[in-house]
Amino acid sequence: MAKEKKALITDTLNDNFILTKREKKLYMAFIYVSIISLLIGGTMGLLQTIMRSGNFTLPFGIGYYQILTVHGVILALVMTTFFIVGFQFSLMGKSVGISDKQLKWGWIAFWVMTIGTLTTTIMILLGNSSVLYTFYTPLKAHPLFYIGLALVIIGSWIAAFVNFRQLYVWKKTHPNEKSPLFAFMVVINMAMWVIASLGVAISVVVLIIPWSLGLTATINVLVTRTLFWYFGHPLVYFWLLPAYMAWYAVIPKIIGGRIFSDSLARMAFILLIFFSIPVGFHHQLTEPGIDPTWKFVQVVLTFMVVVPSLMTAFALFATFEVTGRKKGFTGLFGWLRHLPWKDVRFFAPFVGMLAFIPGGAGGIINASHQMNAVVHNTIWVTGHFHLTVATTVMLTFFGVGFWLIPHLTGRTLTKSLNRLGIIQTLLWTLGMFFMSGSMHIQGLVGGPRRSDFSTYGGTEQAQDWVYYQIFQAVGGSILFIATLLIVYIYVKLAFFAPVGEEAFPVAEEELDAEPTPKFLENWYLWIGITIALILFAYTIPFIDIINNSPPGSPPFPHLTGGK
């Protein structure tokens with residue numbers, strides 16, 4: 001620790017660290033890649049909705065599944081991860097500081113992730129890696145596709161361990177003090193990410209890359225899918241928890257209030273790490289080879305996530321009401337009418353919160369054994385995905401960008417850009433209403449997932465689905481306009497808005513808040529319970545999968561001498 005030169009410039013008003021120019025460059029580097037990824041992914045989304053009708057084709061032999069892979073990988077994996085890492089670095093820098101050595105490792109994380117992203121993207125564009133963002137085997141991509149994804153994960157691990165080190169150093173210099181809420185949340189999210197991404201890393205490095213290189217002739221499909229969904233479900237919470245960070249500890253400051261309960265926020269995050277990882281089987285409810293008993297166990301664990309979700313909803317709306325009452329707004333909904341609806345920093349995340357209500361209801365259907373059979377592998381699942389991640393999470397991230405980008409670039413959010421942000425939020429919401437809504441309905445009548453529908457040309461089903469396709473095309477077009485608008489706003493905020501100081505909103509606790517119990521920061525306990533739940537949920541079924549692998553498809557053929 002003595003070798004680490006810590007950034008000790010603090011804001012004397014609230015004891016938060018002041019971000020230096022060197023820090024801001026690192027954080028913005030991640031945000032820049034995220035913005036570029038959003039533009040590329042949004043363009044691919046528009047092309048998808050056009051091609052899905054079967055009446056349009058792209059030049060140079062570009063296929064539907066090629067652009068679908070770009071869309072999924074660049075948005076679901078690249079854009080989100082870069083934004084989250086950059087945002088969380090800024091939260092850690094603001095709350096516990098960052099040393100010169102940690103800053104260097106932050107740049108190493110950035111370049112490893114960037115090189116991996118470019119490698120994977122090039123392989124997709126060359127047309128030999130159209131395997132979607134889930135890259136299910138036995139679909140096979142070029143080895144560099146998988147190597148690039150592995151580098152993105154490795155880079156994110158480096159960032160995670162920098163975050164762990166930041167809190168460790170802070171705790172050493174602040175003994176017996178509770179960690180800042182932002183730092184606690186970031187460490188929870190990155191601990192979950194590292195534990196969860198071990199599954200996909202093992203799948204890619206140990207199984208898929210040797211297979212794609214021709215070192216093995218076969219691959220165990222069920223093992224790779226199980227390892228992917230061990231990672232794939234907590235991936236959703238890796239996206240969601242940074243939105244929760246903004247909801248719990250940024251939005252109260254923006255509306256002029258305080259955090260309702262520091263203890264409740266920490267407990268919600270602890271419960272989310274418990275019940276986000278050991279539940280991957282609920283994505284595999286229709287797959288053979290997995291004992292139904294263990295599917296049921298993981299469905300039960302999945303529904304436990306309702307508890308921290310309801311805790312979060314209660315805390316947020318309690319914050320809104322308490323703040324309004326303190327400002328003198330009376331009546332049953334007086335506090336609601338006087339929320340800062342014209343402030344895009346609040347408005348965009350709030351709309352995201354509202355979208356999470358139907359999104360959560362759809363998630364209950366997806367995780368329910370019987371109801372899942374109705375919607376499994378239909379475009380309903382795609383609609384659900386766009387309602388939760390592409391609406392709830394994205395609108396919250398957009399709201400964060402309106403203050404984070406000008407804070408990092410030394411600019412200000414002007415009234416005109418704020419107004420454009422409100423318009424962009426409404427356009428995004430309208431576009432998702434048309435697209436996600438029609439996807440949900442089409443899924444209920446049997447519309448398949450991951451299909452361009454051209455293979456159904458002239459059939460009675462295709463005629464029934466044509467109207468849903470029109471609504472999706474309309475929604476996709478509106479979303480593309482909203483994408484162009486948010487990129488324009490972000491470019492203005494980064495380079496052309498008036499020079500000034502934009503606040504980094506950090507909410508404080510209520511003055512009469514109860515002390516936060518020390519046991520909430522017992523990391524050995526919480527990580528230990530998480531690992532115990534994972535071992536309970538996966539050990540026996542994984543042994544069953546390996547023992548019952550079909551002839552000629554051993555789980556690890558290159559490690560056992562098989563081909």
Among residues at least two apart in sequence or on other chains, which ones pass ring-ring contact (aromatic ring centres under 6.0 Å, His included) with Phe397? Phe83
Arg258/Glu508 ion pair, N-O < 4.0 Å: yes
Under the salt bridge (charged side-chain N to carboxylate O under 4.0 Å, His left out) rule, what pairs show up with a residue in residues 399-421, not counting sequence neighbours? none
Only pairs under 3.5 Å count here: list side-chain donor-acceptor contacts from residues 485-504, not counting sequence neighbours, and write none if there are none.
unit_1 : atom_1 : unit_2 : atom_2 : d
Tyr490 : OH     : Phe398 : O      : 3.0
Glu502 : OE1    : Leu413 : N      : 2.9

Whether the His283 and His233 side chains hold a donor-acceptor pair (N or O, under 3.5 Å, no angle test) is what I'd like checked. yes
Can you confirm whether or not the ring centre of Trp170 sits under 6.0 Å from the ring centre of His174? yes
Which residues satisfy the ring-ring contact (aromatic ring centres under 6.0 Å, His included) test with Phe356, sequence neighbours excluded? none
Salt-bridged, Arg266 to Asp262, with N to O below 4.0 Å? yes
Strictly by salt bridge (charged side-chain N to carboxylate O under 4.0 Å, His left out), give each pair with a member in residues 305-323 just once, sequence neighbours left out. Glu321-Arg325
Qualifying salt bridge (charged side-chain N to carboxylate O under 4.0 Å, His left out) pairs with a residue from residues 429-438, counting only residues at least two apart or across chains: none
Trp193 and Phe231: aromatic ring centres closer than 6.0 Å? yes
Keeping Ser436 on the side-chain end and Gly383 on the backbone end, is there a donor-acceptor pair under 3.5 Å? yes
Do any side-chain atoms of residues 235-251 form donor-acceptor pairs under 3.5 angstrom with protein atoms, and if so which ones, sequence neighbours left out?
unit_1 : atom_1 : unit_2 : atom_2 : d
Trp239 : NE1    : Ala76  : O      : 3.1
Trp239 : NE1    : Thr80  : OG1    : 3.0
Trp247 : NE1    : Thr396 : OG1    : 3.1
Tyr248 : OH     : Thr312 : OG1    : 2.8

Using atom types as modelled, flag every donor-acceptor pair under 3.5 Å from a side chain in residues 27-36 to any protein atom, sequence neighbours excluded.
unit_1 : atom_1 : unit_2 : atom_2 : d
Tyr27  : OH     : Glu23  : OE1    : 2.8
Ser34  : OG     : Met79  : O      : 3.2

Could you tabulate the donor-acceptor pairs under 3.5 Å formed by side-chain atoms of residues 426-433, not counting sequence neighbours?
unit_1 : atom_1 : unit_2 : atom_2 : d
Trp428 : NE1    : Ala390 : O      : 2.8
Thr429 : OG1    : Thr425 : O      : 2.7

Residue list, side chain to side chain donor-acceptor pair (under 3.5 Å) with Thr117, at least two apart or on another chain: none
Side chain to side chain donor-acceptor pair (under 3.5 Å) against Trp526, all qualifying residues, sequence neighbours excluded: none
Do the side-chain N and O atoms of Ser261 and Ser263 include a donor-acceptor pair separated by under 3.5 angstrom? no
Across all chains, not counting sequence neighbours, the side chain to side chain donor-acceptor pair (under 3.5 Å) partners of Gln298 are none
Would you find a donor on one side and an acceptor on the other, under 3.5 Å apart, between the side chain of Ser90 and the backbone of Phe87? yes
Do the two ring centres, one from Phe320 and one from Phe317, sit under 6.0 Å apart? yes
